[in-house]
Amino acid sequence: MYALSIQAGTDNYASLDSRQDNLTAQIAAAHTRSDAKLADYVVALDVFDKREWGLKVIFDMLAYCLRYCDRVPNHINQTAYKPLAKSPIGLSIETKRANPSGAGDPLVQLGVWVAAWHKRMTFLRDTLIRYGKNLSQEWANEDLVSVPLIQVLGHKWKMYFARFTSSNITLYDPVNIGSTESIIQIYSLTASLEAINEWIKTSFKVGLERWFFCADVNRGGSADQSSKPS
């Protein structure tokens with residue numbers, strides 16, 4: 001069972017407690033099923049870039065083990081959408097025209113979506129540990145890298161941070177990153193998105209490399225593929 005907490009700050013919702021209860025219930029459900037609601041937009045790390053070969057090797061290895069050994073779907077993310085099959089999602093965006101509540105609340109949808117992503121990343125890491133050889137324990141207790149979530153309500157863009165531990169998902173209070181209400185705010189929004197894109201290519205990538213023992217692959221670690229069907 002995963003608990004969720006919201007660290008409130010600049011976001012001054014009167015219904016914060018009820019939203020947290022709603023999120024906690026739906027996130028718990030997301031860890032027991034695979035039909036999580038989709039985000040409207042995502043930004044993913046391109047592991048086919050030659051500079052990201054370490055993660056590509058890991059994901060190819062996992063895809064092989066899942067398909068031929070476990071005989072289960074071998075996509076990387078919590079969605080089987082083919083363009084994202086081997087490209088880990090670093091940013092998720094949910095958009096709404098107004099300020100809804102309940103099931104239509106974009107924060108609730110983002111919470112369920114990112115909980116499903118955490119579930120998938122944990123499953124993949126456990127699979128790698130089951131089939132991996134020569135994997136060190138250096139990063140055995142590593143938490144999954146925190147990820148940004150963007151909520152768009154009308155013109156306003158706000159960014160949350162989801163932090164994962166073994167038993168908890170915490171959404172940290174939103175930061176205003178710009179809006180589409182004026183040219184100046186659009187420039188601010190563009191700069192924010194460019195900074196997030198750079199973070200995905202650096203810190204997010206490094207966090208996943210630690211989570212999936214990429215250093216061990218570089219040193220010659222491998223997966224046990226002996227159980228491939230003939």
Side-chain angles (χ1 to χ4, degrees), residues 1-2 27 30-32 34 36 42-92 113-149 161-170 196-229:
M1 176 67 69
Y2 279 71
I27 282 177
H31 274 266
T32 60
S34 59
V42 300
V43 178
L45 180 66
D46 181 11
V47 299
F48 293 97
D49 187 308
K50 62 182 180 180
R51 295 169 295 182
E52 318 302 345
W53 71 271
L55 281 173
K56 183 179 184 301
V57 169
I58 288 287
F59 293 156
D60 285 344
M61 185 186 302
L62 283 167
Y64 181 98
C65 292
L66 292 173
R67 179 177 180 181
Y68 292 109
C69 303
D70 293 352
R71 300 182 184 275
V72 296
N74 60 0
H75 50 86
I76 295 302
N77 294 295
Q78 72 277 42
T79 172
Y81 183 53
K82 286 188 177 180
L84 295 173
K86 291 185 179 180
S87 298
I89 295 171
L91 168 68
S92 301
W113 172 255
V114 79
W117 183 78
H118 176 268
K119 176 184 177 182
R120 187 67 182 176
M121 293 299 106
T122 301
F123 168 74
L124 293 176
R125 190 172 194 260
D126 290 344
T127 300
L128 185 64
I129 291 171
R130 279 194 293 118
Y131 288 108
K133 291 180 178 180
N134 306 319
L135 298 179
S136 72
Q137 296 300 308
E138 182 179 1
W139 305 112
N141 298 318
E142 185 82 2
D143 288 334
L144 182 59
V145 60
S146 301
V147 294
L149 305 169
F161 295 92
R163 180 176 180 273
F164 310 101
T165 66
S166 59
S167 61
N168 182 269
I169 300 174
T170 300
I196 295 170
N197 181 60
E198 185 62 26
W199 173 86
I200 290 173
K201 294 187 290 185
T202 53
S203 298
F204 177 69
K205 182 194 75 168
V206 170
L208 287 185
E209 287 174 341
R210 291 180 175 181
W211 181 256
F212 288 116
F213 302 97
C214 277
D216 294 320
V217 173
N218 293 339
R219 288 195 294 264
S222 62
D224 182 359
Q225 300 178 353
S226 60
S227 56
K228 178 180 178 180

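Source: prediction; values computed, not measured. Just so it is clear, the values below take in all heavy atoms, side chains as well, and ignore hydrogens, waters and symmetry mates.
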Student: Do V43 and I196 have side chains that approach each other closer than 4.5 Å (heavy atoms only, starting at C-beta)?
Tutor: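 With C-beta onward as the side chain, the pair stays apart.
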Student: Would you indicate whether Y81, at its atom OH, is surrounded by more than 12 heavy atoms from other residues, nucleotides or ligands within a distance under 6.0 Å?
Tutor: no
Student: side-chain contact (heavy atoms from CB on, under 4.5 Å) for D70 and C65? Distances and angles first, verdict last.
Tutor: CA-CA 6 Å; D70 293 352; C65 292; 5.8 Å; no
Student: Using modelled atom types and a 3.5 Å cut-off, is there a donor and acceptor pairing between side-chain atoms of W199 and backbone atoms of P148?
Tutor: no
Student: Tell me, do V145 and R210 make a side-chain contact under 4.5 Å, heavy atoms counted?
Tutor: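 A side-chain contact under 4.5 Å is absent here.
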Student: What distance separates T122 OG1 from F164 CZ, expressed to the nearest 0.5 Å?
Tutor: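 So the OG1 of T122 and the CZ of F164 are separated by 8.5 Å.
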Student: For residues L149 and L91, determine if any side-chain heavy atom of one lies less than 4.5 Å from a side-chain heavy atom of the other.
Tutor: no
Student: For I76 and R120, what are the C-alpha separation, side-chain angles and deciding distance, and is it a side-chain contact (heavy atoms from CB on, under 4.5 Å)?
Tutor: CA-CA 7 Å; I76 295 302; R120 187 67 182 176; over 6 Å; no
Student: Just so I know, are the side chains of W117 and V147 near enough to count as touching, which here means a heavy-atom distance under 4.5 Å?
Tutor: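 Yes, side chains in contact.
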Student: Given W211 and L128, is the side-chain contact (heavy atoms from CB on, under 4.5 Å) satisfied, shown in steps?
Tutor: CA-CA 10 Å; W211 181 256; L128 185 64; over 6 Å; no
Student: Taking only residues two or more places apart in sequence, or in another chain, which ones meet N74 in a side chain to side chain donor-acceptor pair (under 3.5 Å)?
Tutor: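 N74: no side chain to side chain donor-acceptor pair (under 3.5 Å) contacts found.
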Student: Going by heavy atoms in the side chains, are F213 and R125 under 4.5 Å from each other?
Tutor: yes
Student: Does the distance from a Lys or Arg side-chain N to an Asp or Glu carboxylate O, for R130 and D126, drop under 4.0 Å?
Tutor: no
Student: Apply side-chain contact (heavy atoms from CB on, under 4.5 Å) to residues N197 and K201 and explain how you reach the verdict.
Tutor: CA-CA 7 Å; N197 181 60; K201 294 187 290 185; 3.7 Å; yes
Student: How close do S87 and A44 get, counting heavy atoms only, and between which atoms?
Tutor: O-CB, 3.6 Å
